[in-house]
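Worksheet: the structure to be examined is printed underneath.
Note: hydrogens, waters and symmetry copies are ignored here, and every other heavy atom, side chains too, is used. Whatever order the structure lists ligands and atoms in, that order sets their numbers, starting from 1. Positions are given from 1, in the same order as the sequence printed here.
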Amino acid sequence: MSVLVVVNETRLVLIQGDITQQATDAIVNAANSGLMGGGGVDGAIHRAGGPIIMEECRRIIEKIGRLPAGKAVITSGGRLKAKYVIHTVGPVWHGGRSGEAETLVSAYRESLKLAAANGLKSISFPAISTGAYSYPLERAARVALATAMDFARGDDSLQEIRFVLYDSYSYQVYADILKELTPKPEG
Ligand code: ADP
């Protein structure tokens, strides 16, 4: 099952599946500031992509110290079908009054900008911050989809922005919110 909405020149696609299996130019990792791997989607990406990705992450951290929440960096994709992994850090949910929404918008936006700046045509996102970082799913979905739509309105370089939801419940929440955010044709 999948849902598709076109904004400007960009397809926004929702699918239920495993992000490590996506053959888009890049997949996005919901990393932590140390870029040292972890559970959830981060662990799955490093397991599937092999040690080259971690080696590149280590070199980046040597240079920049840590990756602040809301920022993004790019590495190769190792053994993945995707050529690149864009690592971003979402906010930890502390109740919503600590700038969580702004940080989550930034994590999506910086990832999209980095993809476009590298000439990539397609990108897959997981539901950043909605696992270990406890961001409420419905609110996170609204941020993810609105930020992608907003980006696509201003920049037509990406052909596809794909949201890969791991379970059917998350997929349904995203599908409902995408419908809500999509203007209905008049008449
Ligand atoms: P965070 O620390 O940003 O919350 P997590 O990895 O804990 O990141 O969870 C983010 C989301 O990724 C969760 O909704 C989780 O269900 C989902 N997820 C976990 N593994 C995968 C995978 N292989 N593909 C796609 N999504 C995944």
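- Shown here are the ring pair (Phe, Tyr, Trp, His ring centres under 6.0 Å) partners of Y108, two or more places apart in sequence or in another chain: F125.
- Within the listing of ligand 1, atoms 22 (C), 24 (N), 25 (C) sit less than 4.0 angstrom from a heavy atom of I19.
- Between the side chains of D42 and N29, at least one donor-acceptor pair of N or O atoms lies under 3.5 Å.
- A salt bridge links E55 and R58; the closest N-O separation between the charged side-chain nitrogens and carboxylate oxygens is under 4.0 Å.
- The residues K71 and E110 are annotated as not salt-bridged, no charged nitrogen and carboxylate oxygen being separated by less than 4.0 angstrom.
- Under the 3.5 Å distance criterion, the side-chain polar atoms of S122 are left unmatched by any main-chain donor or acceptor of T24.
- A side-chain N or O of S157 and one of D155 form a donor-acceptor pair less than 3.5 Å apart.
- Which of G40, P126, A127, A31 comes nearest to atom 10 (C) of ligand 1 through a heavy atom is settled by distance: it is A127.
- Using a 4.0 angstrom heavy-atom cutoff, G90 does not count as in contact with ligand 1.
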Throw together a table of side-chain donor-acceptor distances under 3.5 angstrom for residues 136-150, partners on residues two or more places apart or in other chains.
unit_1: R142; atom_1: NH1; unit_2: E180; atom_2: OE2; d: 2.5
unit_1: T147; atom_1: OG1; unit_2: V143; atom_2: O; d: 2.6

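- Remark: atom 19 (C) of ligand 1 lies closer than 4.0 Å to at least one protein heavy atom.
- Atoms of ligand 1 found under 4.0 Å from any heavy atom of A30, numbered from 1 in the order shown, are 3 (O), 8 (O).
- Checking only distances, T130 does come within under 3.5 Å of ligand 1, N or O to N or O.
- Compare Y135, F125, Y166 by their heavy atoms: the one nearest to atom 27 (C) of ligand 1 is in Y166.
- Polar contact check, S129 against ligand 1: a nitrogen or oxygen pair lies under 3.5 Å apart.
- An N or O contact shorter than 3.5 Å links A132 to ligand 1 by distance.
- Between Y133 and ligand 1, at least one pair of N/O atoms sits closer than 3.5 Å.
- Atoms of ligand 1 found under 4.0 Å from any heavy atom of D18 (numbered from 1 in listed order, with element): 22 (C), 23 (N), 24 (N).
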